[in-house]
Amino acid sequence: MLKKRDVVLSEVGFVVYYAGMENDRFDLTGRRALVTGGGRGIGFAIAKGLAEQGAEVAIVARTAEQLEEACGQIEADTSRKACSFSFDLADIEGIEGLFADVVKKVGGVDILVNCAGTAVRGASEDIEMADWEHVQNVNLKSVLVLSQMFCRHRKAAGGGGRIINIGSLMCSGARPTTAAYAASKGGLLALTRTLAVEWAKYGITINAIGPGYIATDLTVPLQADKEFNKWVLSKTPLERWGRPEDLVGTAVLLASKAGEFITGQIVYVDGGWLALL
Ligand code: GCO
């Protein structure tokens, strides 16, 4: 198929410009994406995927070395600018300053991907309050505070914008020993829907992606557990653990013009898990 503005020399040597048959539905050129948890795993894959579609990306993670490497790889693979901010999203008070730093460095933010997350697993009757608070702060409270910063920024910029929250199968189901994580992800879906219906008037869409069991650092202990691994594969019709890259297409859809009429939704990328009886 002819690429956009292909220059084709006709037989008589005239240069003929063809109006592009392509369209810009998924083009993110000129957009600036802030991705939390962007140093590795799902966040890194999504940050790179948005950059592949033309976006400039700012990634946030706790460890500076991880960020250096991630930015270098994104810039090398996509020729798009990537910058990094070492920050722990458990530091709720510091989020306003983080967002201001990102806007100062990148010039603005059009897409916010809330991917940073943590989990504490154990018997619910033994949950320590400090662990509960930490999981709620990172997985839910930080998302609200960052989204508030984003909304005010977008309103001042004249409106528009995309928020993509990384949820979980636990937005709609549960397994024993993950109460803090499941509660945070259930709350994340409710927050996604509330902000979607409230901020639609600002032209901001807010959606969630619900990953199935994805092979990342967060699930290494689970992948290594033979019984757990067997259970995951028995519940996944596509019979494999997901890869972070499996989520990129959905993130691009929700961030781009192609997804402009989608808001308040959760798209499960779960290998068929939730479809299975
Ligand atoms: C767990 C896992 C899950 C996955 C994912 C599934 O402890 O069962 O961490 O929570 O990470 O959220 O969608």
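Side chains included, hydrogens not; waters and symmetry mates left out as well; all remaining heavy atoms used. Whatever order the structure lists ligands and atoms in, that order sets their numbers, starting from 1. What you see is a predicted model, and the numbers here were worked out from it, not measured in a lab.
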Query raised in the report: Considering only heavy atoms of Arg121, which atoms of ligand 1 have at least one such atom less than 4.0 Å away?
Result: 1 (C), 2 (C), 7 (O), 9 (O)
Query raised in the report: Contact between Ala119 and ligand 1, counting heavy atoms under 4.0 Å?
Result: no
Query raised in the report: If you measure from CG on Asn137 to CD1 on Ile92, what distance do you get to the nearest 0.5 Å?
Result: 4.5 Å
Requested in this report: Output yes when Arg62 and Asp91 qualify as a salt bridge under the 4.0 Å nitrogen-oxygen rule, no when they do not.
Outcome: no
Query raised in the report: Looking at Arg154 and Asp110, does any basic side-chain N land under 4.0 Å from a carboxylate oxygen?
Result: yes
Query raised in the report: Less than 3.5 Å between some nitrogen or oxygen of Leu218 and one of ligand 1, yes or no?
Result: no
Would you mind writing out the side-chain donor-acceptor pairs for residues 93-108 within the sub-3.5 Å range, not counting sequence neighbours?
none

Report task. Report, in ascending order of atom number, the atoms of ligand 1 lying under 4.0 Å from any heavy atom of Arg175. Result -> 1 (C), 7 (O), 8 (O)
Query raised in the report: Under 4.0 Å from ligand 1, counting heavy atoms only, is it the side chain of Thr219, its backbone, both or neither?
Result: side chain
Query raised in the report: Any N or O of Thr178 that comes nearer than 3.5 Å to an N or O of ligand 1?
Result: no
Report task. Considering the heavy atoms of Pro211, write down every atom of ligand 1 situated less than 4.0 Å from one of them. Result -> 6 (C), 13 (O)
Requested in this report: Under 4.0 Å from a heavy atom of Tyr213: give me the atoms of ligand 1 that qualify, with their elements.
Outcome: 1 (C), 2 (C), 3 (C), 4 (C), 8 (O)
Requested in this report: Would you mind checking if Glu56 and Lys81 are paired as a salt bridge, meaning a charged N to carboxylate O distance below 4.0 Å?
Outcome: yes
Requested in this report: Could you give me the CA-CA distance, side-chain angles and deciding distance for Lys235 and Asp270, then say whether salt bridge (charged side-chain N to carboxylate O under 4.0 Å, His left out) is met?
Outcome: CA-CA 10 Å; Lys235 298 276 284 183; Asp270 66 357; over 6 Å; no
Requested in this report: List every atom of ligand 1 that sits less than 4.0 Å from any heavy atom of Ser168, numbering the atoms from 1 in the order shown and giving each element.
Outcome: 5 (C), 6 (C), 12 (O), 13 (O)
Query raised in the report: Should Lys257 and Asp24 count as an ion pair when the cut-off is N to O under 4.0 Å?
Result: yes
Query - Residue and atom name of the nearest protein heavy atom (relative to atom 10 (O) of ligand 1), distance in Å to one decimal - result: Tyr181 CE2, 3.1 Å
Report task. Could you list all the salt bridge (Lys or Arg N to Asp or Glu O under 4.0 Å) pairs where at least one residue sits in residues 64-79, not counting sequence neighbours? Result -> Lys48-Asp77
Query - Atoms of ligand 1 close to Leu222 [distance to a heavy atom under 4.0 angstrom, numbered from 1] - result: 1 (C), 2 (C), 7 (O), 9 (O)
